[in-house]
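Working notes for the structure below.
What's counted below: heavy atoms across the whole structure, side chains too, no hydrogens, waters or symmetry copies.
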Amino acid sequence: MGDKRGNLAAALVCAMAAGLTGCSGGPGGTGGPDSGPGGGLSAGVGRADPAAPGEPGQEGDAPFAGGFGGTRLERSSAGKIMERSAEAMRRAESLRITGWVAGDDGDGRMTIDLALAGGGDCTGTMTIGEGTAEVLSADGRMYMKGDEGFWENQSDGGPGEDMAVEMLSDRWVRTDTGKSGAGPGGFCDLDGLLEDMESGGSGETGKREPVDLDGREVIPLVQEEDGEGTTTAYVANDDDRPYLLRMENEGSDEPGVMDFTGHGEEVVVEAPDPDEVLDLGEMREDSGRHESV
């Protein structure tokens, strides 16, 4: 049984929240007077733009004249906006991510609803096609509880996988650590997500004039990249809480939308009862010992 969909899930959340390889476009486009290098959305959303004009002591901030007016945030470069957004989200210490991504391999749309806390803890659900799984990461350990449809979607159709699907269905399964960056647990690492937001990237990111998003004023940051479509990040136009609220992509192989809410809300994560958990690592070790005898 392969982990192709688990890896896609990790790439989905970490990459989307960090810049993504794809998701659906909103207002605005690329280019124009506010675009510039740095803050590359696809490879890590947000890097202070060394080429942007700034006031003394405020690298990357545009001068008061010529900005949009309003908040100090909207007078900043695209890279500086994402840097400040990551800082604000780090102070909040938690968030909720909901959204979807379209698969390019015929496995259908994947949706997620996850609440993330610091230290790699998270809890929520993910759906792939007709299958659904509960997802939980606590104390560096990753657990999943998928129904039959979920595990069938994970299957490569190899010998014995029907039996494996039956064994795993509707049971808590311990997988790899939630902070490994690979497999389904990679998307629970809030700290890593925010580090990616602050890291540099290739390409040019355009800042657009503020627009309304579900009743909140946001600043769209847009990047187009060959093969990756158009990625748009929407940051709350708020000097005190410039949270990332949505990430969209269109035009890539796996378009989708991710919403970021619940900033600073309490996230309670409790590991399942050990007696109810099937440990895949121990099963592999036992299998290896039997094969060596």
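- Side chains of Ile112 and Met258 form a contact here, defined as non-hydrogen atoms less than 4.5 Å apart.
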Problem set entry | Intermediate values then yes/no, side-chain contact (heavy atoms from CB on, under 4.5 Å), Ile97 and Phe260 | CA-CA 5 Å; Ile97 303 177; Phe260 301 83; 3.8 Å; yes
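- Minimum heavy-atom separation, Gly119 to Asp191: N-OD2, 3.6 Å.
- Here the closest heavy-atom approach between residue Trp100 and residue Pro255 is recorded as CZ3-O, 3.3 Å.
- Taking the charged nitrogens against the carboxylate oxygens, Asp113 and Arg96 do have a contact shorter than 4.0 Å, which makes a salt bridge.
- Taking both residues in full, the closest heavy atoms of Val277 and Pro272 are given as CG2-CG, 3.7 Å, listed atom of the first, atom of the second, then distance.
- Not one N or O on the side chain of Asp139 forms a donor-acceptor pair closer than 3.5 Å with the backbone of Arg141.
- You'll find the side chain of Leu73 reaches within 4.5 Å of the side chain of Val235, heavy atoms only.
- Note: His263 and Tyr243 have parallel aromatic rings, judged against thresholds of 30 and 60 degrees for the angle between ring planes.
- A 4.5 Å side-chain heavy-atom check between Leu190 and Leu95 finds at least one atom pair inside the cut-off.
- Rounding to the nearest 0.5 angstrom, the gap separating the CD atom in Glu209 from the CD atom in Glu217 is 10.0 Å.
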Exercise. For Glu248 and Tyr234, what are the C-alpha separation, side-chain angles and deciding distance, and is it a side-chain contact (heavy atoms from CB on, under 4.5 Å)?
Worked result: CA-CA 9 Å; Glu248 300 181 333; Tyr234 298 92; 3.2 Å; yes
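- For the residue pair Val135 and Met144, the shortest heavy atom distance occurs at CG2-CE, 4.2 Å.
- The number of heavy atoms from other shown groups lying within 6.0 Å of CG (Asp239) is above 12.
- Within the 4.5 Å cutoff, the side chain of Val269 has heavy atoms near those of the Leu136 side chain.
- In terms of modelled atom types and a separation under 3.5 Å, the side chain of Thr231 and the main chain of Gln223 share no donor-acceptor contact.
- At least one side-chain heavy atom of Trp172 sits less than 4.5 Å from a side-chain heavy atom of Glu134.
- A distance-only check finds a donor-acceptor pair linking the side chain of Ser137 to the backbone of Gly120 [under 3.5 Å].
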For this session: Go through the steps for Arg72 and Arg84 under the test side-chain contact (heavy atoms from CB on, under 4.5 Å), then give the verdict.
Result: CA-CA 11 Å; Arg72 177 176 175 177; Arg84 289 178 177 168; 3.8 Å; yes
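- Looking only at distances, a side-chain donor or acceptor of Glu74 sits under 3.5 Å from a matching main-chain atom of Thr71.
- Arg241 and Ala236 make their closest contact through O-CB, 3.7 Å (heavy atoms, listed as atom of the first residue, atom of the second, distance).
- Between the CZ atom in Arg174 and the CG atom in Leu278 there is a gap of 11.5 Å [rounded to 0.5 Å].
- The distance from the NZ atom of Lys207 to the NZ atom of Lys80 is 13.0 Å, given to the nearest 0.5 Å.
- Thr125 OG1 to Leu114 CG: the interatomic distance, rounded to the nearest 0.5 Å, is 7.0 Å.
- Contact annotation: the side chain of Arg246 approaches that of Asp214 to within less than 4.5 Å [non-hydrogen atoms, C-beta and beyond].
- No side-chain heavy atom of Ile81 sits under 4.5 Å from any side-chain heavy atom of Pro242.
- Here CD of Glu224 is found 8.5 Å from OG1 of Thr232. Values are rounded to the nearest 0.5 Å.
- Contact detail for Leu244 and Ser85: the closest heavy-atom pair is N-OG, 3.1 Å.
- Residue Leu245 holds its CG atom at 8.5 Å from CG of Asp259, rounded to the nearest 0.5 Å.
- For the pair Met167/Trp151, no side-chain contact is recorded, criterion being any heavy-atom separation below 4.5 Å from C-beta on.
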